[in-house]
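Scroll down for the structure; my scribbles are underneath it.
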Amino acid sequence: MSVGTIDRPDLQWIEDLATLREVCEREFVPEAGERVVFGEGPEHARLLLIGEAPGEQEAESGHPFVGNAGRLLNRYLDKAGILRELVYVTNVIKVRPPGNRTPRKSEVNVALPYLLRQIELIRPAFIVCLGSIAVQAVIDPKAKITEIRGQWQEIDGIQVMPTYHPSAVFRDETKKEWLKQDLVAVGNRCLPLD
Ligand code: URA
């Protein structure tokens, strides 16, 4: 991973996840009427999914992947035999970028230390990086998703699957197949999750 984790040595254990949420809620300021989307799921999840940034519905509700991309993701998780309730889901960026634009590098650099600490606290065995923002944040800033998708990586003892973001596959049948296939590979390797 390219950037260090936040300088909060007091946040070490899974019990500290609630404090990390509060820290993020202070640190990241959403647009009026929107919320910080910290992420959610079982604290001891073996599988962590990381997306890019909340969209409109996520920022309104405070929950990750609840819009169109989330519905597609749920469908493919289902096909892979992965129960979303057993997975922790979060994003690199915790507030919606204005106008849903792609997050800037500077925004990723500010948000990444918090994500890294979130990963350290949850200690998942497996991570799925959905889309190139997550792939470059977690695996390698120079990684090209078209070159490494579908290939397991190992980062700090965690097995990481890079794949396409659900929003990127809507109008591309080939990418849809890859995403589906990559999630099936994740299911094959990490099930059972409980
Ligand atoms: N896209 C993301 O990357 N994350 C969400 O939570 C929703 C859409």
Side-chain angles (χ1 to χ4, degrees), residues 1 3 17 20-21 24-25 27-31 33-43 45 47-78 80 82-116 118-119 122 124 126-141 143-146 148-150 160-172 175-176 178-180 182-183 186:
M1 296 178 193
V3 174
L17 199 59
L20 182 63
R21 176 191 290 272
C24 286
E25 284 170 352
E27 201 63 34
F28 300 108
V29 182
E31 302 272 304
E34 296 188 349
R35 299 172 63 176
V36 170
V37 181
F38 178 69
E40 64 190 14
E43 292 185 337
L47 175 59
L48 173 65
L49 302 191
I50 304 175
E52 178 177 309
E56 201 176 339
Q57 293 181 55
E58 288 79 17
E60 258 173 43
S61 67
H63 301 287
F65 282 103
V66 292
N68 285 336
R71 280 187 283 279
L72 187 81
L73 178 65
N74 290 348
R75 245 197 2 260
Y76 287 3
L77 287 175
D78 207 42
I82 299 170
L83 276 181
R84 176 157 168 172
E85 306 88 272
L86 298 181
V87 173
Y88 200 100
V89 184
T90 190
N91 288 299
V92 177
I93 305 282
K94 308 301 191 202
V95 289
R96 184 172 79 99
N100 277 352
R101 62 164 166 69
T102 303
R104 302 192 170 118
K105 247 195 177 65
S106 56
E107 291 167 327
V108 172
N109 287 339
V110 169
L112 184 53
Y114 297 84
L115 172 68
L116 296 182
Q118 204 172 7
I119 296 170
I122 297 169
F126 304 93
I127 292 177
V128 176
C129 290
L130 297 161
S132 59
I133 294 288
V135 166
Q136 291 179 349
V138 172
I139 298 173
D140 177 352
K144 290 204 170 61
I145 193 160
T146 46
I148 67 165
R149 69 130 282 277
V160 183
M161 171 60 81
T163 190
Y164 287 114
H165 190 285
S167 307
V169 310
F170 276 119
R171 279 171 294 277
D172 186 325
K175 285 185 183 165
K176 240 185 216 169
W178 292 131
L179 173 60
K180 212 186 296 179
D182 294 344
L183 291 176
V186 170

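In what follows, every heavy atom counts, from backbone to side chain, and hydrogens, waters and symmetry copies are set aside. For ligands, and for the atoms within them, numbers begin at 1 and follow the listed sequence.
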> Which residue owns the protein heavy atom closest to atom 6 (O) of ligand 1, what's the atom, and how far is it?
Replying inline: F65 N, 2.9 Å
>> Quick check on contacts: which atoms of ligand 1 are under 4.0 angstrom from a heavy atom of E52?
In response: 2 (C), 3 (O)
>> List the residues meeting side chain to side chain donor-acceptor pair (under 3.5 Å) with R84, not counting sequence neighbours, and say none if there are none.
In response: N74
> G51 heavy atoms, cut-off 4.0 Å: which ligand 1 atoms fall inside?
Replying inline: 3 (O)
> Nearest protein heavy-atom contact for atom 1 (N) of ligand 1: which residue, which atom, what distance?
Replying inline: H165 NE2, 3.2 Å
>> Do L47 and P124 make a side-chain contact, defined as non-hydrogen atoms from C-beta onward lying under 4.5 Å apart?
In response: no
> Given A53, A69, A59, which has its nearest heavy atom closest to atom 5 (C) of ligand 1?
Replying inline: A53
>> Which residue is it: I139, L49, I122, I119? I am looking for the one with a side chain to side chain contact (heavy atoms under 4.5 Å, CB included) to I127.
In response: I119
> Does N91 reach ligand 1 with a nitrogen or oxygen that is under 3.5 Å from one of the ligand's nitrogen or oxygen atoms?
Replying inline: yes
> Should the pair F65 and H165 be assigned to parallel (<30°), tilted (30 to 60°) or perpendicular (>60°) ring geometry?
Replying inline: tilted
>> Suppose I only count heavy atoms of P64 and a 4.0 Å limit; which atoms of ligand 1 are within that range?
In response: 6 (O)
> Looking at side-chain heavy atoms only, is the closest gap between L130 and T163 below 4.5 Å?
Replying inline: yes
> With sequence neighbours left out, which residue pairs that include part of residues 52-69 fulfil the side-chain hydrogen bond (donor to acceptor under 3.5 Å, both in side chains) condition?
Replying inline: E40-H63, N68-R71
